[in-house]
Amino acid sequence: MAVDIPRIKAICFDVDGTLSDTDDLWVSRLSSILHPVSFIFPGRHAGLFARRLVMVSESPANLAYHLLDRFDLDDDMMRLYHYVSRFKVERKPDSFWLIPGVKEMLQQLAACRRE
């Protein structure tokens, strides 16, 4: 069955791992946090440890998110998160690392929409 392009009104993307390289962002953040104690890591480089820590934490984090969703607590948790985040002293914009080629793809899709 052919795709009827004119009928497409929107395209939804999963951001994590599709548009944004969140694993590398977290590895970079953890590496910079661990840099002052990098002498305890092999080769004096915290990056490998940070990478492994991010990889190991994904399954428990996904399980926690799944359980919150399963027991219908995810909305409550997000309300709590937003409430607590208002009390941060310094608000910096979150980093967003695009996967190579994503910006160009989104620009092409936007151009198609205007045609």
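Side-chain atoms are counted along with the backbone in the values below, which use heavy atoms only and exclude waters and symmetry mates. Residue indices begin at 1 and follow the sequence shown.
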Check: T18 side chain, V15 main-chain N or O, donor-acceptor pair, under 3.5 Å: no

Are M105 and I8 joined in one hydrophobic group, where the rule is that I, L, V, M, F, W and Y side chains link up if heavy atoms are under 4.5 Å apart? yes

Treat each ILVMFWY residue as a node, draw an edge where side-chain heavy atoms are under 4.5 Å apart, and state whether L63 and L73 are in one component. yes

side-chain contact (heavy atoms from CB on, under 4.5 Å) partner of D21, the single match among I99, L98, V102: I99

When every non-hydrogen atom of S31 is compared with those of G47, the smallest separation belongs to OG-CA, 3.3 Å

Reported [atom1]-to-[atom2] distance for the pair [X] and [Y], which is rounded to 0.5 angstrom:
X: L80; Y: S85; atom1: CG; atom2: OG; value: 9.5 Å
X: D74; Y: M78; atom1: CG; atom2: CE; value: 9.0 Å
X: H82; Y: M77; atom1: NE2; atom2: CE; value: 12.0 Å
X: D69; Y: D75; atom1: CG; atom2: CG; value: 8.5 Å

Give the table of side-chain donor-acceptor pairs shorter than 3.5 Å for residues 48-60, with sequence neighbours excluded, one pair per line with atom names and distance.
{"unit_1": "R51", "atom_1": "NH1", "unit_2": "D24", "atom_2": "OD1", "d": "3.0"}
{"unit_1": "R51", "atom_1": "NH2", "unit_2": "D24", "atom_2": "OD1", "d": "2.6"}
{"unit_1": "S57", "atom_1": "OG", "unit_2": "L53", "atom_2": "O", "d": "3.2"}
{"unit_1": "S57", "atom_1": "OG", "unit_2": "V54", "atom_2": "O", "d": "2.9"}

Counting C-beta onward and ignoring hydrogens, is there a side-chain heavy-atom pair between L34 and I40 closer than 4.5 Å? no

Does F13 reach the side chain of L106, with side-chain heavy atoms less than 4.5 Å apart? yes

Looking at D72, I want to see if its CG is surrounded by more than 12 non-hydrogen atoms of other residues, nucleotides or ligands under 6.0 Å. no

